[in-house]
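Heads up: numbering here begins at 1 and tracks the sequence. Predicted, not measured: the structure shown is a model, and the values here were computed from it. Order of appearance sets the numbers: ligands from 1, and atoms from 1 within every ligand.
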Amino acid sequence: MDTPVDVTTTDSWTRLAALAADLQPDLRRWFAEDPHRAEQLSFDAADLRVDLSKNLLTPDVIRALLDLADEVGLERRRDAMLAGEKINVTEGRSVLHTALRRAEGDSLVVDGEDVVAQVHAELAKVYAFADQVRSGEWTGVTGKRIETVVNIGIGGSDLGPVMAYEALKPYVQDGLTCRFISNIDPTDSAETVADLDPETTLVIVASKTFGTLETLTNARLVRSWLLDTLASRGIATDDAVAKHFVAVSTALDKVADFGIDPENAFGFWDWVGGRYSVDSAIGTSLAVAIGPERFTEFLAGFRAMDEHFATTPLGRNVPALMGLLNVFYTNHLGAHSHAVLPYAQYLHRFPAYLQQLTMESNGKGVRWDGSPVGTDTGEIFWGEPGTNGQHAFYQLIHQGTRLIPADFIAFAETAHPQRDGEADVHELFLANFFAQTAALAFGKTAEEVRAEGTDEAVVPARVFPGNRPTTSIMAAALTPSVLGQLIALYEHITFVQGVVWGIDSFDQWGVELGKQLAKDLTPAVAGDADALAATDPSTRALISWYRAHRS
Ligand SMILES: O=P(O)(O)OC[C@H]1O[C@](O)(CO)[C@@H](O)[C@@H]1O
């Protein structure tokens with residue numbers, strides 16, 4: 001195991017701290033003094049156009065960030081990940097989500113297995129299944145074709161599939177719909193199946209471990225709903241589970257224990273983290289919805305970004321630059337959170353997806369060798385689609401006291417071109433996208449406010465300080481390939497930050513204690529007096545209050 005570099009002891013870290021202390025952000029002046037700024041800080045990464053010029057970047061800061069990458073061995077660690085070295089040290093695993101999108105015929109041998117060949121063998125099974133469902137060859141017990149696919153999973157087994165399904169709605173086959181159940185709140189499953197016909201419903205139970213309480217509970221609830229409803233119609237249910245349930249997991253033995261025929265199960269591998277798995281068989285619901293051809297394009301998009309990340313010199317390498325920049329904001333300029341603002345309604349679940357990707361990956365307090373990190377790690381990712389956010393929280397980004405770097409994402413084309421009189425509505429939308437980053441960067445001075453004849457008493461309230469950093473990401477259209485590119489971009493940004501901080505971005509031990517305690521507390525919640533007595537005073541009082549108030 002490599003010893004992580006303590007980033008705070010590097011020369012470039014010290015230089016960055018000094019640069020940050022002396023930094024007098026002035027985007028108006030920086031653009032005025034350098035007519036090439038926009039062009040020099042805009043990059044192409046696969047089909048994405050990424051403009052970093054409205055960030056608080058100076059040539060000295062860029063140089064120091066690139067030196068930092070050097071000092072922490074970013075390229076070496078990237079190459080180690082891509083080659084399948086066991087860089088997930090706390091779990092002793094390789095980190096090979098990039099192998100999920102390697103081209104057919106490529107080869108990558110890890111522990112004696114060609115993982116790319118394994119990936120394509122499993123993809124072929126997923127595609128054959130998707131084709132059967134889409135063509136109507138796969139039917140339910142009464143011979144009806146499938147109209148609704150219900151994916152039951154949580155975390156990475158839910159957020160990726162639901163986000164991508166929502167993003168790619170225009171590509172979904174007519175007559176097919178996907179729904180998603182994740183929460184153990186019984187409301188989620190009850191509401192989701194309430195108006196479904198079990199005869200035309202297919203359930204995908206998606207769980208890497210097949211041991212997740214929420215997913216298995218929901219799967220049992222939906223199985224009971226399906227069997228009971230069929231039985232109430234006088235339909236024999238002997239084959240119902242086989243016809244209406246399939247599974248995706250790395251634990252195919254547990255799938256069989258649940259009662260799902262392993263023939264109807266799609267596998268993946270422990271070298272894929274849950275939050276990095278939407279492009280594995282975990283994306284089966286998406287593959288059914290958009291079809292194998294589009295799913296292949298989705299994977300090709302990831303691959304194009306992987307190639308950019310793997311081969312582009314760091315000075316033009318977009319995930320590297322964005323990851324390094326995020327470190328600068330977090331550790332040297334005091335930013336705590338990061339907004340992601342897609343100007344695309346179809347990306348409305350993208351911020352939620354990124355929350356798991358970035359915060360489960362980089363919310364760590366020790367390095368991969370167990371030593372404490374000497375600096376802040378992890379950013380709090382959040383966001384909503386534009387323009388909804390503009391009328392809700394942008395006030396704080398424009399005029400608040402906190403520094404909130406923001407990524408704006410937009411597409412040249414819309415799936416729904418419409419006119420409102422003379423106006424092209426997509427252009428009205430894009431005008432907002434362009435306006436917001438300009439307003440955040442350049443602000444409005446007191447003189448400009450006064451020049452509008454504003455009453456002096458309210459001038460301060462109407463000043464926009466500007467110098468609020470943004471990154472603009474654009475693509476021609478939100479296609480399956482472009483979505484894959486966007487996801488891979490953020491996967492690699494997350495990786496870069498993790499390398500700088502010296503942490504294992506691929507474990508998630510921080511979720512375990514709560515799970516364990518929930519299990520331990522279940523008897524107390526159900527009324528076991530001894531179990532209740534063993535809890536702490538606050539928890540005991542809360543559970544007692546609950547027991548006194550339940551109906
Ligand atoms: O796919 P599984 O094994 O059900 O896990 C679901 C999610 O739970 C977590 O392990 C966190 O508890 C995530 O990392 C994961 O995506």
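Some N or O of T209 is nearer than 3.5 Å to an N or O of ligand 1, by distance alone. Checked by distance only, ligand 1 and V511 stay at 3.5 Å or farther apart across all their nitrogen or oxygen atoms.
Applying the ring-ring contact (aromatic ring centres under 6.0 Å, His included) test to Y353 and every residue at least two apart in sequence or in another chain returns nothing.
Using a 4.5 Å cut-off on side-chain heavy atoms (C-beta onward), F129 and N264 make no contact.
Proximity of E512 to ligand 1 is not established, as no heavy-atom distance is less than 4.0 Å.
Looking at E122, its side chain never comes within 3.5 Å of a backbone N or O of A281 through a donor-acceptor pair. A donor-acceptor pair under 3.5 Å is formed between the side chain of S249 and the backbone N or O of K208. Listed for the H97 side chain is no donor-acceptor partner under 3.5 Å among the backbone atoms of G273.
Taking a cut-off of under 4.0 Å to the non-hydrogen atoms of Q356, the atoms of ligand 1 that pass are 13 (C), 14 (O), 15 (C), 16 (O). Set against the non-hydrogen atoms of G155, the atoms of ligand 1 under 4.0 Å away are 16 (O). In summary, the atoms of ligand 1 found under 4.0 Å from a heavy atom of K515, numbered by their order in the structure, are 10 (O), 12 (O). Close contacts of ligand 1 with T212, meaning ligand atoms under 4.0 Å from a residue heavy atom, involve 2 (P), 3 (O), 4 (O), 5 (O).
Using a 4.0 Å cut-off between charged nitrogen and carboxylate oxygen, K364 and D507 count as a salt-bridge pair.
When heavy-atom distances to ligand 1 are checked against a 4.0 Å cut-off, K208 comes that close through both its backbone and its side chain.
Between F495 and F506, the angle of the ring planes lies from 30° to 60°, which puts this pair in the tilted group.
In terms of protein heavy-atom proximity, atom 16 (O) of ligand 1 is nearest to G156 N, 2.7 Å. Of all protein heavy atoms, the one closest to atom 6 (C) of ligand 1 is I154 O, 3.2 Å. For atom 14 (O) of ligand 1, the closest non-hydrogen atom on the protein side is E360 OE1, 2.7 Å.
Side-chain atoms of N218 and E214 form no donor-acceptor pair, as typed in the model, at a separation below 3.5 Å.
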